[in-house]
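For the numbers below, each heavy atom of this structure counts, side chains included, while hydrogens, waters and symmetry mates do not. Residue indices begin at 1 and follow the sequence shown. Both ligands and their constituent atoms are indexed starting at 1 by order of listing.
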Amino acid sequence: MPKAPVNGTELNYRDSGTSKDIVLLLHAFPLHSGMWSRQIAALDKRHRVVALDYRGLGKSGMPPEGWTLELLAQDVRELLLHLRIERAAVAGLSMGGYLAFELYRQLPGLFRGLALCDTKAGADTDEASATREKFAKTTIERGLGWVADEMVPKLLRPDPDPATVKEVRSLITDGTPAGVAAAQRAMAKRPDSTPTLATITCPTVVIAGEEDSMIPLAEAEKMKVGIKGAKLVKIPRAGHLPCLENPDAFNRALAALFDGLPA
Ligand code: MLT
């Protein structure tokens with residue numbers, strides 16, 4: 001996989017397909033761009049698909065102290081400059097959705113379309129951000145095996161496919177404890193994106209796994225209502241990661257938006 005020199009570090013990324021229609025995929029916590037393998041395979045005949053690993057997750061360089069989603073969005077912008085990409089349809093899942101909101105605030109002209117998947121607009125409550133701090137500390141003490149034990153049951157539907165469990169564990173353990181801790185702390189500090197919803201003017205789909213136990217479907221409904229003209233697609237037989245648990249239905253929902261967009 002290629003690496004791009006970005007803001008004093010190196011970002012690992014996937015870049016597949018030759019179309020002028022670009023799709024940018026923003027992954028979930030604590031995974032990496034490998035979670036999009038089925039989407040890349042399905043979309044790259046009609047689109048050029050770019051997916052990066054955030055610093056500290058997957059194989060990108062480490063984040064500095066005080067890491068934020070604002071800085072992460074600046075990494076994404078530098079990567080797009082490096083790749084000479086000015087316009088893209090963007091899909092963000094969970095933490096990738098938080099990042100998509102930040103990117104939209106910084107660079108609304110980038111967006112040809114937007115897919116917000118298993119994510120939410122609101123910021124953390126004080127209690128949620130305290131839980132993230134505890135998670136970050138325990139990650140440093142106990143490592144990525146503990147992170148996988150904690151996260152996998154939350155990320156997948158109640159009766160997960162054993163092969164998917166194995167795949168998600170491996171996506172998690174490819175990262176670094178310090179990177180996972182930094183990502184948690186960055187999410188804890190993220191601002192409320194609810195006011196951003198009304199500013200989104202590109203075609204948008206909200207996608208949610210019907211069995212997502214991390215982010216309730218009510219959050220998807222709120223985003224649909226808040227973004228003018230947005231559609232909502234619910235994915236059956238899937239928890240928080242419908243891209244892995246029901247890729248055919250998930251890919252259809254993405255393609256329904258992305259295939260119809262002007263360049
Ligand atoms: C994710 O899937 O990206 C995270 O679980 C989101 C979160 O912790 O809020």
Side-chain angles (χ1 to χ4, degrees), residues 24-36 39 51-58 60 63 67-69 72-73 76 90-103 115-139 144 146-157 160 164-165 167-175 177 179-194 196 206-220 222-223 235 238-246 250:
L24 171 68
L25 301 175
L26 304 174
H27 66 77
F29 167 89
L31 311 176
H32 61 72
S33 60
M35 74 170 229
W36 297 117
Q39 287 63 53
L52 70 146
D53 295 348
Y54 313 149
R55 293 197 207 196
L57 301 175
S60 287
W67 190 228
T68 61
L69 286 174
L72 173 52
V76 176
V90 179
L93 195 147
S94 201
M95 179 182 178
Y98 310 156
L99 175 58
F101 286 129
E102 182 56 46
L103 200 54
L116 291 165
C117 318
D118 296 272
T119 193
K120 61 183 175 217
D124 276 7
T125 59
D126 289 347
E127 194 190 344
S129 61
T131 303
R132 287 196 199 275
E133 182 53 34
K134 205 164 152 212
F135 189 106
K137 287 197 172 119
T138 313
T139 300
L144 295 178
W146 174 82
V147 173
D149 291 345
E150 279 294 299
M151 291 299 295
V152 171
K154 295 180 185 149
L155 292 169
L156 299 177
R157 66 181 186 231
T164 313
V165 171
E167 184 174 349
V168 174
R169 283 195 75 88
S170 146
L171 288 165
I172 293 172
T173 50
D174 282 345
V180 168
Q184 275 289 33
R185 290 176 173 136
M187 286 193 287
K189 282 183 287 197
R190 74 187 190 282
D192 182 8
S193 291
T194 309
T196 306
V206 176
I207 303 176
E210 280 181 356
E211 299 175 56
D212 187 342
S213 60
M214 290 201 70
I215 299 189
L217 274 173
E219 297 290 347
K222 271 194 237 166
M223 293 188 292
I235 308 292
H240 191 62
L241 297 175
C243 55
L244 285 162
E245 291 199 295
N246 191 345
F250 185 83

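Exactly one residue among R132, K134, E133 makes a side chain to side chain donor-acceptor pair (under 3.5 Å) with Q184. That residue is R132.
Protein heavy atom at the shortest distance from atom 9 (O) of ligand 1 is Y98 OH, 2.6 Å. The nearest heavy-atom contact from the protein to atom 6 (C) of ligand 1 is S94 OG, 3.0 Å. For atom 5 (O) of ligand 1, the closest non-hydrogen atom of the protein is M214 CE, 3.3 Å.
Checking only distances, F29 does come within under 3.5 Å of ligand 1, N or O to N or O. For ligand 1, the polar-atom distance check against R132 finds a nitrogen or oxygen pair separated by under 3.5 Å.
Listed by number with element, the atoms of ligand 1 under 4.0 Å from a non-hydrogen atom of A28 are 2 (O), 3 (O).
Between atom 2 (O) of ligand 1 and the options H27, H240, M95, the minimum heavy-atom separation is to H240.
Between the E245 side chain and the L156 main chain, no donor and acceptor come within less than 3.5 Å of each other. Checking side-chain atoms of D53 against main-chain N and O of S33 turns up a donor-acceptor pair under 3.5 Å. Counting only distance, with no hydrogens or angles, the side chain of T125 and the backbone of A128 share a donor-acceptor pair below 3.5 Å.
Between atom CE of residue M214 and atom CG of residue L241 there is a gap of 9.0 Å, rounded to the nearest 0.5 Å. Taking OG1 of T164 as the start and CG of L171 as the end, the distance is 10.5 Å to the nearest 0.5 Å.
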